[in-house]
Undergrad: 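Please read through the structure below; I'll follow up with questions.
Just so we're on the same page: letters track the sequence lines, and every chain starts at 1. These figures come from a predicted structure and were not determined experimentally.
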Protein chains: 2
Amino acid sequence: MTVEKEAELLSQLSETERQIGDRISDNMSTFGVSSTIGRLLGIIYMNREPMTLDDLAEATGMSKTRMSQVMREMIALNIAEKEHIKGSRKEHYNVENDYVQTFISLFTTNWREVISKNRMFAKKLQQEINEIEKANNGSYEVKAKVEELRKELSKWVAYYNWINNLVEFFESGAIFESVPVETPLENEGEDK
Amino acid sequence: MTVEKEAELLSQLSETERQIGDRISDNMSTFGVSSTIGRLLGIIYMNREPMTLDDLAEATGMSKTRMSQVMREMIALNIAEKEHIKGSRKEHYNVENDYVQTFISLFTTNWREVISKNRMFAKKLQQEINEIEKANNGSYEVKAKVEELRKELSKWVAYYNWINNLVEFFESGAIFESVPVETPLENEGEDK
DNA sequence: AACTTTGTACAATAAAAATTGCATAGATTT
DNA sequence: AAATCTATGCAATTTTTATTGTACAAAGTT
C-alpha cells in the first residue's frame, strides 16, 4: 500500500473518531449541561489519556479560561477528576470512561441537588400551613383551602421520596438487576 | 373572625400556592427545559382546570405569542395536551396532574429522541469502519485503529441499548415494582 | 359577505449564557 | 528573591436563547 493511501485512511479514521466525540457531546446535552461540557468529555474520552487545560484549549481552539471553568463544572458534576501526573506541574483531567457510569453520575448529581432544595421547602410549607390553620377561627373557606394544600403537600412529599429512592436505586447499582448492561464481547470480530 | 383577618389568611394561602408553582417550575428546569415551561406547568397544575392562552398570558404577564410557543413545546414533550371545551372557541390546555407521570414523560421523551438519532449514527459508523477496513491493505497502524474503533462502537451500541431498555423500564411501569410510589393517605389529617 | 376572534409566523428586541482577555495570586524553578 | 509558570477571578464581549409586537390566515359569528 502506498504511503499516501495509508495517510488517507488514517485521516478518515481520525475524522470518524472526532464524530464519536461529537455524539458523546450531543448525548450530554440531554442532561441540560452546556455543550462545551459534552465536547470536553468527548475529547478527553477519545484521547484515552488525562489532558491539561492547555491540551484542551489547543484541541478546542477555545480559551484556557473557559477550559478551567468547564472542568470545574465537570468535577462538580462528578464526571471528571483531577489526576496528578508526576514530573508535570500542570493539572491533568480525566473522565469516567464508562458511558453508563457517566449517565448515572449526571443523573444522581442533578437530582440529589433538587431533592435537597425540596426538603427545606417541604418543611417550610408544612409549618406555614399549620400556622394558618391555627390562626383560622371558623372560616370554612380557609379551612377548605388549608385541606387542599395539605393534600398537595403530601403528594409533593411522596413525589420527592420517590425520586430519592430512584436516585438510590441507580447509585447502588440495583438498577442493573432490572436493566442489565450487555457486556460487549471482548474480542468481537478479531479473527474475521 | 373578622372579614379582614379571613382575607389576610386567604391571601397567605394563595401566596403559598404560588410558591408551590415556583417549586414545580424549579424541578422542571432539571430536565433542561426552559424555565417558562416549568412556570406554565406549575400554573396550570395549581389551577386544576384547563387554561387558555389568554388565561396564561394574564397569569404570567407574558405575551400570548410566547404562551403559544411554550404550550406547543410542552405538547411535544408529552406533558400537556389540548382539551376542547364545548361552548368556547378558545383552545384549552391541560397538564398531567401526577408528578411522577410527568417525570417519566419528560425522561422518556428526551431520551427516545437521543436514541433515535444515535441508531442512525451507529449504522453509519459501522459502515465506515467496514469500508476503511476493506480498503486497507497491510498497514498495521490502520488495522490497529480500526480494531480500536470497532471496540468503541460496540461499547457505544451497548450503552444505547441500555438506555433504550431503561426508557422501556420506565414507560412500561416496571420501574414501580422496584421503586414504588408511596400513596399518600387519602384523608390524612381530616379529623384533627 | 363583512366583522370578530383566535392562534401563530416572522422579524425585532431584550435577557441570559457562553466565551474571552487581562490581571493576579500562589506555586516552582533558577 | 527574581523569574517563570499555572490556574482562576473578574469585567467586557460575543453568541444564543427567550420574549415581544405586528401582521395575517383560518375559522366562527352576525
Undergrad: Whole angstroms only, please: what is the CG-P distance between A:Leu53 and D:dC5?
TA: 16 Å

Undergrad: Just how far, in rounded Å, is C1' of D:dT17 from CD1 of B:Ile37?
TA: 13 Å

Undergrad: Between A:Glu148 and B:Arg48, does a salt bridge (charged side-chain N to carboxylate O under 4.0 Å, His left out) hold up when you go through it step by step?
TA: CA-CA 11 Å; A:Glu148 191 186 309; B:Arg48 291 158 210 281; 3.0 Å; yes

Undergrad: Please state whether the rings of B:Phe169 and A:Phe169 are parallel, tilted or perpendicular, taking 30° and 60° as the class boundaries.
TA: parallel

Undergrad: Could you give the CD-to-C1' distance, from A:Glu73 to C:dA18, as a whole number of Å?
TA: 10 Å

Undergrad: Within this structure, what is the NZ-to-P distance between A:Lys90 and D:dT4, rounded to whole angstrom?
TA: 16 Å

Undergrad: Quick one: A:Arg72 CZ to C:dA18 P, roughly how many Å, whole number?
TA: 15 Å

Undergrad: Take the angle between the ring planes of B:Trp156 and B:Tyr159 and call it parallel below 30°, perpendicular above 60°, tilted in between.
TA: tilted

Undergrad: To the nearest Å, how far apart are A:Ile85 CD1 and D:dT6 C1'?
TA: 16 Å

Undergrad: Using the six-membered ring wherever Trp is involved, compare the ring planes of B:Trp111 and A:Phe31 and label them parallel, tilted or perpendicular (cut-offs 30° and 60°).
TA: perpendicular

Undergrad: Rounded to the Å, how far apart are B:Lys82 NZ and D:dA27 C1'?
TA: 13 Å

Undergrad: Just by protein heavy atoms under 4.0 Å, how would nucleotides 19-30 of chain C read 5' to 3' in B, S and -?
TA: BBBB-----SS-

Undergrad: When the distance from CZ of B:Arg39 to P of D:dA18 is rounded to whole Å, what number comes out?
TA: 15 Å

Undergrad: Please check if atom CD in B:Glu113 has more than 12 non-hydrogen atoms from other residues, nucleotides or ligands closer than 6.0 Å.
TA: no

Undergrad: Going by ring-ring contact (aromatic ring centres under 6.0 Å, His included), name the residues that satisfy it together with A:Tyr45, two or more places apart in sequence or in a different chain.
TA: A:Tyr99

